[in-house]
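Just so you know, residue 1 is the first one in the sequence shown, and it goes up from there.
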Amino acid sequence: MKLTKLLLFGFALFAISSCSNSKTDISELILGEWYNESMIVTIDHGKPEETAFNVPIGSWEEILGIKPILTTYTEDGSYTSVYTDLSGEVSMETSGTWEVKGDSLYLTENDITTAYKFVWMDGKGEFTGFLDWDSDGLPDDLYSGIQIKK
């Protein structure tokens, strides 16, 4: 009987610690530098959806004409994305704040927050969320991107 109670207590403790560490684990995974490997953006025009961009692995520079975007997430909850042209010159830099809630990463830039479902894939992450890619005022365009953690 004592062994049964001890085992139940152990399982309960494990379950509680697993739940409380899930946010921390994702936050710890997010910290650091990431660069883009591939992406697909599907546009919703209110009619059959179309793929606006399909950048397969190994085609980033050829299709987009820039090096993979380098995004750095820091412990203070801020991030910076650096866009570099093919000659190595920084062409644009964006920044904002980040936060993890459940299995999602929330990025806020210029008072606009976008949620990305985050799936860890052994050194890579899949970021999936809805954006206003076509600038029609509606965040109804599906973005799915794979990034590699440096």
Side-chain angles (χ1 to χ4, degrees), residues 9-46 48-86 88-150:
F9 177 74
F11 285 128
L13 189 59
F14 174 75
I16 291 169
S17 67
S18 294
C19 291
S20 65
N21 287 335
S22 64
K23 179 179 177 183
T24 303
D25 291 345
I26 292 175
S27 293
E28 289 174 10
L29 290 172
I30 295 291
L31 284 174
E33 295 182 322
W34 294 80
Y35 64 93
N36 293 78
E37 179 182 58
S38 62
M39 75 171 175
I40 295 175
V41 179
T42 305
I43 303 292
D44 180 1
H45 292 291
E49 295 177 343
E50 64 183 58
T51 300
F53 283 105
N54 183 6
V55 183
I57 295 170
S59 301
W60 190 272
E61 293 180 5
E62 176 188 339
I63 292 175
L64 297 177
I66 61 172
K67 293 185 180 284
I69 302 161
L70 178 65
T71 302
T72 304
Y73 300 94
T74 59
E75 288 184 20
D76 68 358
S78 63
Y79 76 91
T80 303
S81 294
V82 178
Y83 298 73
T84 307
D85 65 24
L86 295 178
E89 296 292 319
V90 173
S91 58
M92 183 171 72
E93 194 170 310
T94 61
S95 61
T97 59
W98 68 275
E99 179 181 12
V100 170
K101 295 179 186 176
D103 66 354
S104 296
L105 172 65
Y106 290 79
L107 300 182
T108 302
E109 180 183 337
N110 298 325
D111 294 324
I112 297 172
T113 300
T114 304
Y116 296 91
K117 182 174 192 280
F118 174 78
V119 177
W120 176 252
M121 302 181 306
D122 194 28
K124 296 181 181 183
E126 179 180 31
F127 298 78
T128 305
F130 286 94
L131 311 170
D132 183 13
W133 190 270
D134 58 1
S135 300
D136 66 357
L138 301 171
D140 57 358
D141 308 314
L142 182 63
Y143 166 91
S144 181
I146 305 293
Q147 296 181 26
I148 300 172
K149 188 168 185 182
K150 280 184 135 186

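For Glu37, the side chain to side chain donor-acceptor pair (under 3.5 Å) criterion is met by Lys124, not counting sequence neighbours. Here Asp85 pairs with Ser87 under the side chain to side chain donor-acceptor pair (under 3.5 Å) rule; sequence neighbours left out. Residues satisfying the ring pair (Phe, Tyr, Trp, His ring centres under 6.0 Å) test with Phe53, not counting sequence neighbours, are Trp133. Partners of Lys149 according to the salt bridge (Lys or Arg N to Asp or Glu O under 4.0 Å) rule, which considers only residues two or more places apart in sequence or in another chain, do not exist here. Checked against side-chain contact (heavy atoms from CB on, under 4.5 Å), Glu75 has the following partners two or more places apart in sequence or in another chain: Leu31.
In this structure, OG1 in Thr42 is found 12.0 Å from OH in Tyr143, a value given to the nearest 0.5 Å. For the atom pair CG (Asp132) and CG (Leu138), the distance works out to 6.5 Å, reported to the nearest 0.5 Å. The line from CG of Leu142 to CG of Leu131 is 8.5 Å long, rounded to the nearest 0.5 Å. Going from atom CD1 of Ile57 over to atom OG of Ser38 covers 5.0 Å, rounded to the nearest 0.5 Å.
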Contacts under 3.5 angstrom, residues 61-74 side chains, donor-acceptor by atom type, not counting sequence neighbours:
residue : atom : partner : partner atom : Å
Thr71   : OG1  : Ser81   : OG           : 2.8
Thr74   : OG1  : Asp76   : OD1          : 2.5
Thr74   : OG1  : Ser78   : O            : 3.1
Thr74   : OG1  : Ser78   : OG           : 2.9

Can you list, pair by pair, the side-chain donor-acceptor contacts under 3.5 Å of residues 103-121, counting residues two or more places apart and other chains?
residue : atom : partner : partner atom : Å
Thr108  : OG1  : Thr113  : OG1          : 2.7
Glu109  : OE1  : Tyr79   : OH           : 3.3

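No donor-acceptor pair under 3.5 Å is formed between the side chain of Asn36 and the backbone N or O of Gly145.
Of all heavy-atom pairs between Trp34 and Leu29, the closest is CZ2-O, 3.3 Å. When all heavy atoms of Ile26 and Gly102 are compared, the pair lying nearest together is CD1-O, 3.3 Å.
Within the 4.5 Å cutoff, the side chain of Trp60 has no heavy atoms near those of the Tyr35 side chain.
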